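Since the model is a prediction, treat every value here as computed from it, not as a measurement.
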Amino acid sequence: MKTTLFTKTIALAGLLGVAFTASAMAQDKFPSKDITFVVQAAAGGASDRTSRAIASELEKDLGVSVIVENRPGASGTVAFAHVAEQPADGYTIGFGPVEFAIAEHIGYDFNREDYTYLGQVMNSPVVLAVAANSPYNTLADFIEAAKEKELSVSNSGAASAFAATAFTLAQMTGAKITPVPFDGGAPAVAAALGNHVDAVTAGAGETAAAFADGSLKVLAIFDEEEHPRFPGVKTAAEQGYDLSFGAWGGVYGPAGIPADVKAILEASIKKAAASQTFLDAVTPAGILPAYKSGDEWKAFVDAEAARYAEVLK
């Protein structure tokens with residue numbers, strides 16, 4: 001009787017051990033819980049649209065919920081700081097816009113080394129646009145008027161490619177431009193549509209729909225090539241102003257994400273960025289797909305940061 005009881009006890013312990021080990025393995029497998037995807041801008045702009053499209057594809061691939069959380073403020077650095085402070089376990093990621101290359105140069109407490117780079121997914125060339133009822137019909141019209149009087153130009157934040165575009169254009173031409181920053185591209189474009197500012201520098205993703213319905217006139221595209229969503233609109237270079245700025249973006253997490261978790265996230269992000277669902281979500285809005293791996297994107301961000309150091313000095 002004692003032998004039987006002892007045998008049963010050992011067997012039960014073995015079963016419990018197996019169950020515990022299986023449970024531990026299930027918990028260790030990434031991902032085993034929801035992922036939070038932090039967006040640095042308000043809902044409605046290119047960053048938000050891109051992030052939600054990527055998050056939706058990650059959900060399908062990883063089998064967990066990916067919850068988008070908007071944290072606008074301080075040209076994105078509110079969101080960046082929040083992500084940097086989270087555990088480096090892959091369960092908090094974020095959308096990293098071009099401000100990753102700019103923030104450090106205009107007084108924000110931001111260090112590019114505080115993050116794990118998981119992959120670039122898009123680019124949205126900067127455009128200069130005005131309301132349909134604006135008196136300005138060409139880039140030359142706008143610049144000549146701005147030489148005579150101060151013109152206001154909205155943007156998605158002081159530490160943005162859009163602010164840098166207007167600033168550089170003013171330096172190049174002698175135009176008098178007053179920047180008006182907003183927390184995100186959508187409210188910046190809304191300000192131009194409502195004639196609260198004279199113009200807006202924004203991404204193609206924020207302006208394509210308004211251009212298509214005739215409520216915005218796009219005066220120039222600051223890219224090397226004309227944009228398929230803006231037929232008839234010339235690049236700034238074609239109009240005599242050799243400037244190129246893009247609102248690129250990708251996915252990042254806190255520094256120190258383990259290599260195996262990083263590899264899972266990178267593979268899923270690459271798959272998401274190539275999916276037809278993602279392309280269908282972003283390209284009608286003027287956002288161009290532009291994939292780079294995590295390491296490639298990190299090298300690109302560093303190069304862009306060096307360029308903006310010169311532009312903004």
Side-chain angles (χ1 to χ4, degrees), residues 40-41 45-47 72-84 94-128 143 153-185 188 200-204 220-224 235-237 241-255 288 290 292-313:
Q40 86 296 344
S47 293
S75 296
T77 56
V78 168
F80 307 155
H82 173 75
V83 173
F95 183 81
V98 65
E99 285 79 5
F100 258 51
I102 298 174
E104 65 193 83
H105 302 307
I106 59 172
Y108 285 97
D109 183 13
F110 177 81
N111 185 343
R112 283 173 279 120
E113 303 306 316
D114 288 342
Y115 306 97
T116 298
Y117 294 75
L118 300 171
Q120 182 181 340
V121 297
M122 57 76 78
N123 182 43
S124 184
V126 177
V127 306
L128 176 71
I143 290 171
V153 180
S154 59
N155 59 64
S156 65
S160 69
F162 315 111
T165 301
F167 173 73
T168 306
L169 186 65
Q171 282 192 319
M172 176 183 285
T173 63
K176 303 169 187 175
I177 292 175
T178 299
V180 183
F182 287 83
D183 281 330
V200 57
T201 44
I221 301 164
F222 294 88
D223 198 20
E224 296 175 0
T235 68
Y241 306 95
D242 191 12
L243 289 178
S244 178
F245 288 93
W248 44 259
V251 185
Y252 72 100
L288 302 176
K292 289 182 178 67
S293 70
D295 290 344
E296 290 170 339
W297 185 42
K298 174 63 165 62
F300 174 75
V301 171
D302 289 342
E304 283 284 89
R307 179 168 81 108
Y308 276 105
E310 291 298 311
V311 168
L312 299 173
K313 70 181 181 180

Open item on the list: If you define the side chain from C-beta out and look only at heavy atoms, does anything of L169 sit under 4.5 Å from I143?
Closed with: yes

Open item on the list: Could you walk me through whether T168 and F245 satisfy the side-chain contact (heavy atoms from CB on, under 4.5 Å) test, starting with their C-alpha distance in whole Å, then the side-chain angles of each, then the deciding distance to 0.1 Å, before giving a yes or no?
Closed with: CA-CA 10 Å; T168 306; F245 288 93; 3.7 Å; yes

- [ ] For D183 and A74, work out which heavy atoms get closest and say how close.
- [x] OD1-N, 3.9 Å

Task: Donor-acceptor under 3.5 Å (S160 side chain, A163 main chain) - done: yes

TODO: Name the orientation class of the two ring planes belonging to Y115 and F110 (parallel below 30°, tilted from 30 to 60°, perpendicular beyond 60°).
DONE: parallel

Task: P254: partners by side chain to side chain contact (heavy atoms under 4.5 Å, CB included), with sequence neighbours left out - done: V83, Q86, A88, I257

Open item on the list: Tell me which one of W248, F100, Y117 satisfies ring pair (Phe, Tyr, Trp, His ring centres under 6.0 Å) with F300.
Closed with: W248

Task: Side-chain heavy atoms of F162 within contact of V153, under 4.5 Å - done: no

TODO: Report yes if the side chains of L312 and I102 come closer than 4.5 Å at any heavy-atom pair, otherwise no.
DONE: yes

TODO: Without swapping roles, check the side chain of S156 against the backbone of G185 for a donor-acceptor pair under 3.5 Å.
DONE: no

Open item on the list: Can you confirm whether D242 is buried at CG, in the sense that more than 12 heavy atoms of other residues, nucleotides or ligands lie under 6.0 Å from that atom?
Closed with: no

Open item on the list: Less than 4.5 Å apart, side chain to side chain, heavy atoms only: is that true for L243 and M172?
Closed with: yes

Task: Closest non-hydrogen atom pair between G203 and V127, with its separation - done: O-CG2, 4.5 Å

Open item on the list: So V200 and S154, do their side chains get closer than 4.5 Å, heavy atoms only?
Closed with: yes

- [ ] Could you go through the side-chain hydrogen bond (donor to acceptor under 3.5 Å, both in side chains) check for Q40 and S47 one step at a time?
- [x] CA-CA 8 Å; Q40 86 296 344; S47 293; 2.9 Å; yes

TODO: Might you point out which heavy atoms bring P181 and A158 nearest each other, and give the distance in Å?
DONE: CB-N, 3.8 Å

Open item on the list: To the closest 0.5 Å, what do you measure between CZ (F167) and CD1 (I177)?
Closed with: 10.5 Å

TODO: Give a yes or no on whether the backbone of Y308 and the side-chain of H105 come within a donor-acceptor separation of less than 3.5 Å.
DONE: no

- [ ] Report the distance from atom CH2 of W297 to atom CD of Q120, rounding to the nearest 0.5 Å.
- [x] 7.0 Å

Task: M122/F95 under side-chain contact (heavy atoms from CB on, under 4.5 Å): CA gap, chis, key distance, verdict - done: CA-CA 11 Å; M122 57 76 78; F95 183 81; 3.9 Å; yes

Open item on the list: Closer than 4.0 angstrom, basic N to acidic O: yes or no for R112 and E304?
Closed with: no

Task: Atom pair OH (Y241) and CG (L128), whose distance is rounded to the nearest 0.5 Å - done: 11.5 Å

Task: Minimum-distance pair of heavy atoms, taken over all atoms of Y252 and A79 - done: OH-O, 3.9 Å

Open item on the list: Main chain of K298, side chain of E296: is a donor-acceptor contact present, judged purely on distance under 3.5 Å?
Closed with: no

Open item on the list: Tell me every residue that passes ring-ring contact (aromatic ring centres under 6.0 Å, His included) with F182, counting only those two or more places apart in sequence or in another chain.
Closed with: none

Task: Considering all heavy atoms, the nearest T77-A103 contact - done: CG2-CB, 4.0 Å

TODO: Indicate the atoms forming the closest heavy-atom contact of A161 with V126, along with that distance.
DONE: CB-CG2, 4.3 Å

